Amino acid sequence: MSAPSTVLITGGAGFIGSHACAELLDHGYELIVVDDYSNSAPQVFARVQRVAGRFVGAVYELDIRDRQALSAVFDRHSVDAVVHFAGLKSADASTRRPVEYYDTNVGGTTALLRTMHAHGVHQLVFSSSCAVYGEAGLAPLDETAPTRPTSPYATSKWTCERILADVCRHRPEYSVVCLRYFNPVGAHPSGLLGEDPRGTPDNLMPYLAQVAAGRRERLRVFGDDYPTPDGTAVRDYTHVMDTVEAHRVALDRLADAPGLHVYNLGAGRGSSVLDVVRAFSRACGRPLPYEIAPRRPGDVPALVADASAVTRDWGWHPSRDLDDMCQDAWRFQRLNPYGYEGSARRPNTDRRANGGLPNR
Ligand code: NAD
Ligand code: WQD
């Protein structure tokens, strides 16, 4: 197998996907993106182009479960590898809409795998999640830690991993990397790309950014009675630029790595909610208001990665700290107070009525 040069990115308009597009373009990859914009907007591609100085080769608006539309993309382009970001990602929402989560995350992945198979494409990087570990202690988790998914979202990611393990077990031509992200946050240092959630942010960092921008009054800290040093929950926040660099390294290595590889992608450092509040306050130059609220159902006290395997095998390790994450998130928020939609007109995009063919 040769190293991939044309890469299809599913969900490339999303938070991590758009940063990955910039990173991969910057390193010479040719990119084809598919996204249904269910949680993103096509304006992001003009930003990606400004950051990378190059265009994404083609962008298709389609749902990855639509195998006919997806197949037309593979017919049209000679795809060497796929990075699969597309999916639904809220553990909380998945408890209210479990079937939708399985349909999109598991059904989307099997539709993609069938299409890849039909087109002889066997290299895949898959977005998995630390959510597969579920309830855990304060100690860093390596990839052998037990998986105990506690939400339909987490089970959907775990199920995809199982499917990919079976594919690799029975089809030696496949090379698959499952990256279990911990908490990717932050933004591109240019301030052009960042996290642009729809509606009220579920996640800590984008919520804090909106408090800092004056769009929300104060943060509600969900629980101060956890068995952690300051009583608030501990997570392993990882800069999104470090996260996407790992995808580039994975693509560089895939060709020589048959079989299934599962890696944690985390910084290996735990930060409490109050640590993040303090770091964001430093970034924006004023103390951010917060109040203690009850625990959020389904939250676990701590999730911290032992990410030494990916360092050992690939030499990847994160180089940015929590202050960098907050400074970059704040820069994006300051420059784009209402996100991408607030700053640009929706460009001309093809719809499925058009066969899902490209808008450039
Ligand atoms: P995101 O919602 O910003 O990006 C996902 C993209 O996929 C969006 O652009 C959305 O429009 C698209 N999409 C969703 N369903 C689709 C479908 N059926 N067909 C085509 N496109 C579709 O999310 P993100 O934060 O960039 O996450 C990317 C991936 O990483 C997801 O699979 C998520 O589960 C996983 N992940 C994210 C985190 C995190 O904290 N952000 C942590 C662990 C794992
Ligand atoms: C972080 C901490 C909250 C918001 C989520 C998904 C998980 C994975 C990573 C995709 C928690 C606290 C939050 C707020 C708060 N994603 N918090 N006030 O829950 O660790 O993980 O992203 O795979 O599946 O569930 O991230 O950013 O929501 O929360 O106090 O308004 O901040 O309780 O302790 P989480 P988060």
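Keep in mind that the numbers below use all heavy atoms, side chains included, and drop hydrogens, waters and symmetry copies. Values in this document were obtained by computation on a predicted structure and should not be read as measured data. Numbers here simply count residues along the sequence, with the first being 1. Note that ligands are numbered from 1 as they come in the structure, with each ligand's atoms numbered from 1 the same way.
For F280, the ring-ring contact (aromatic ring centres under 6.0 Å, His included) test picks out no residue, with sequence neighbours left out.
At least one N or O atom of L204 sits closer than 3.5 Å to an N or O atom of ligand 2. Ligand 1 has an N or O atom lying under 3.5 Å from an N or O atom of D63, backbone or side chain. Geometrically, ligand 2 and C130 share no nitrogen or oxygen pair separated by less than 3.5 Å. On a distance-only criterion, S129 and ligand 1 share no N/O pair closer than 3.5 Å. Below 3.5 Å of separation, one finds an N or O of D36 facing an N or O of ligand 1. Residue Y207 has no N or O atom closer than 3.5 Å to an N or O atom of ligand 2. Close N/O approach between F15 and ligand 1 is found [any backbone or side-chain N/O within under 3.5 Å].
Under 4.0 Å from ligand 2, not a single heavy atom of V276 appears. Residue contacts with ligand 1, taken as heavy atom pairs separated by less than 4.0 Å, do not involve V34 at all. Heavy atoms from both the backbone and the side chain of N39 come within less than 4.0 Å of ligand 1. The part of V273 lying near ligand 2 is the side chain, judged by heavy-atom distances below 4.0 Å. At a 4.0 Å heavy-atom cut-off, ligand 1 touches K157 through the side chain alone. Counting heavy atoms under 4.0 Å from ligand 2, residue Y181 does not touch it at all. Proximity of R220 to ligand 2, defined as any heavy-atom pair under 4.0 Å, is confined to the backbone N, CA, C and O atoms. Looking at D299 against ligand 2, only its side chain comes within 4.0 Å, counting heavy atoms. Contacts between S128 and ligand 1 below 4.0 angstrom, taking non-hydrogen atoms only, involve the backbone exclusively. Residue contacts with ligand 2, taken as heavy atom pairs separated by less than 4.0 Å, involve L219 solely via side-chain atoms from C-beta onward. Only the backbone of Y37 comes within 4.0 Å of ligand 1, counting heavy atoms alone; no side-chain atom from C-beta on gets that close.
Proximity of R282 to D323: side-chain heavy atoms (C-beta onward) are separated by under 4.5 Å at one or more points. Counting heavy atoms from C-beta outward, T10 and L112 have side chains that approach closer than 4.5 Å.
Residue-ligand proximity, A91 to ligand 2, at heavy-atom distances under 4.0 Å covers atoms 25 (O). Taking every non-hydrogen atom of A131 and a distance limit under 4.0 Å, the qualifying atoms of ligand 2 come out as 24 (O). Residue V221 has at least one heavy-atom neighbour below 4.0 Å for each of these atoms of ligand 2: 30 (O). Listed by number with element, the atoms of ligand 2 under 4.0 angstrom from any heavy atom of A233 are 34 (O).
Checking P184, A13, P42 against atom 38 (C) of ligand 1, the nearest heavy atom belongs to P184. Of the options T10, L62, T104, the smallest heavy-atom separation from atom 20 (C) of ligand 1 is shown by L62.
Taking the six-membered ring for Trp and thresholds of 30 and 60 degrees, Y263 and H261 have nearly parallel ring planes, at less than 30 degrees apart.
The closest approach between a heavy atom of Y290 and any atom of ligand 2 is not below 4.0 Å. Heavy-atom separations between N203 and ligand 1 are all 4.0 Å or longer. Note on ligand 1: I64 sits in its first shell, one or more heavy atoms being nearer than 4.0 Å. In this structure, D35 has a heavy atom closer than 4.0 Å to ligand 1. Judged by the shortest distance from any of its heavy atoms, G108 lies outside the 4.0 Å radius around the atoms of ligand 1.
Not a single protein heavy atom sits closer than 4.0 Å to atom 6 (C) of ligand 2.
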Exercise for the section: Check the pair Y181, S127 against side chain to side chain donor-acceptor pair (under 3.5 Å), reporting the backbone distance first and the verdict last. Expected result: CA-CA 7 Å; Y181 314 150; S127 296; 2.7 Å; yes
Problem - Audit row: R47, N336, side chain to side chain donor-acceptor pair (under 3.5 Å) steps and yes/no - result: CA-CA 12 Å; R47 304 292 191 92; N336 309 272; 2.9 Å; yes
Problem - Intermediate values then yes/no, side chain to side chain donor-acceptor pair (under 3.5 Å), T232 and D224 - result: CA-CA 4 Å; T232 67; D224 68 347; over 6 Å; no
Problem - CA sep, side-chain torsions, deciding dist, call: R180, Y133, side chain to side chain donor-acceptor pair (under 3.5 Å) - result: CA-CA 10 Å; R180 292 178 175 166; Y133 294 116; 2.9 Å; yes
Practice task
Apply ring-ring contact (aromatic ring centres under 6.0 Å, His included) to H247 and F85, showing your working.
Solution key: CA-CA 11 Å; H247 290 69; F85 293 108; 5.2 Å; yes
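Taking the charged nitrogens against the carboxylate oxygens, R320 and D328 have no contact shorter than 4.0 Å, which rules out a salt bridge.
Within a 6.0 Å radius of OH in Y207, more than 12 heavy atoms belonging to other residues, nucleotides or ligands are found.
Of the candidates I32, L124, V125, L124 is the only one forming a side-chain contact (heavy atoms from CB on, under 4.5 Å) with V82.
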